Amino acid sequence: MTLKKTNFGKIKYRGRFAPSPSGELHFGSLLAAMASYADARHFNGQWLLRIDDIDQARVVADSDQHILSTLEQCGFEWDESVSYQSQNLKHYKMALKELHQLTVTYLCSCSRKQIQAALENSHIKNGIYPGTCRHKTSQADHQQNRDHAIRLKVSADEVCFVDLIQGEYSQNLQQDIGDFIIYRKDQVFSYQLSVVIDDFQSQITHIVRGYDLLDSTPRQIYLQQLLGYPVAQYAHIPLAVTEENLKLSKLSQAKKVDCNLETLVQAARFLGQNTLDTKDFDNKSDFWQYLVTNWDINKVPRMEKQMIMV
Ligand code: GLU
């Protein structure tokens with residue numbers, strides 16, 4: 001890859017919003033879009049859109065177009081053309097090859113059942129891969145191993161970073177996560193690997209997204225370090241949950257965002273920008289101008305989740 005350097009050089013601020021095209025844009029995703037947008041624009045940064053369609057089995061036909069038109073109706077304006085993960089496969093392949101060359105990958109044929117059985121006979125925390133296949137090697141030509149996943153060997157070092165909203169966060173990948181999958185058995189590049197490559201390719205400096213991805217961040221920083229990419233600045237906003245404590249998503253049947261001023265003001269309030277009132281604005285562009293000028297990430301609640309009635 002030609003862009004490689006371990007700092008962002010002269011690039012000031014490039015943010016992004018990266019929805020998965022698995023349904024309509026709901027209030028939960030509007031929050032991530034708004035927070036990433038307002039923070040980028042407040043610092044005169046650029047804001048890019050990416051459709052995370054790496055997992056084609058989860059793609060709902062035309063939902064990318066619905067998401068884009070809802071964002072447009074809400075008044076978001078993005079820079080550059082929209083990118084799609086499905087068009088970035090060659091870069092994922094190259095990164096995988098680089099990781100092979102670093103000898104930090106291995107083939108894994110374990111089923112969930114086998115992993116569970118191995119954990120029952122060990123002192124390793126539940127959910128953590130016990131390292132059964134660690135002794136196996138991996139070949140750059142993974143196509144020959146269609147019934148295997150590829151895992152990344154993690155180190156015992158602590159990965160620490162300061163989240164702009166949640167504060168200091170650290171993980172010991174070996175104890176807390178274990179060797180994780182970067183290429184799935186079903187021949188799909190993992191979320192962890194693909195987003196790291198995408199963000200690097202697009203020279204994203206700031207990543208503002210939902211709290212549910214906070215615990216993925218050390219894995220992503222670890223990958224950035226292995227591949228020699230600059231480490232981005234992260235901020236994780238609280239998740240919007242229903243009265244039943246369910247994350248707003250397709251599972252909780254979250255409905256499509258209604259792009260009116262009330263919804264935008266409600267989202268801004270959720271994000272702690274609480275001096276706003278619908279009657280203060282004549283129209284949506286008035287609202288955006290106010291939000292961008294007065295945006296203060298320090299006011300976003302330092303919480304995992306907040307309840308919302310939508
Ligand atoms: N596509 C992911 C999602 O919709 C977000 C990826 C990210 O922000 O890193 O949850």
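Positions are given from 1 along the sequence. Note that ligands are numbered from 1 as they come in the structure, with each ligand's atoms numbered from 1 the same way. Computation of the quantities below employed the complete heavy-atom set of this structure, encompassing side-chain atoms and omitting hydrogens, waters and symmetry-equivalent molecules. Quick caveat, the model's predicted, so the values are computed rather than measured.
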Looking at [Y] and [X], is there a salt bridge between them, counting it only when a charged N and a carboxylate O are closer than 4.0 Å?
X    : Y    : value
D198 : R50  : yes
R58  : D53  : no
D277 : R269 : yes

For K256, salt bridge (Lys or Arg N to Asp or Glu O under 4.0 Å) partners two or more places apart: none
N88 (side chain) donor-acceptor with H91 (main chain) under 3.5 angstrom: no
Check: every ligand 1 N/O to protein N/O pair under 3.5 Å:
residue  : atom  : partner : partner atom : Å
ligand 1 : 1 (N) : A18     : O            : 2.7
ligand 1 : 1 (N) : S20     : OG           : 3.0
ligand 1 : 1 (N) : D52     : OD2          : 2.7
ligand 1 : 4 (O) : S20     : N            : 3.4
ligand 1 : 4 (O) : S20     : OG           : 3.1
ligand 1 : 8 (O) : R16     : NH1          : 2.6
ligand 1 : 9 (O) : R16     : NH2          : 3.0
ligand 1 : 9 (O) : Y191    : OH           : 2.9
ligand 1 : 9 (O) : R209    : NH1          : 2.8

Modelled atom types, side-chain donor and acceptor of D79 and W47, under 3.5 Å: no
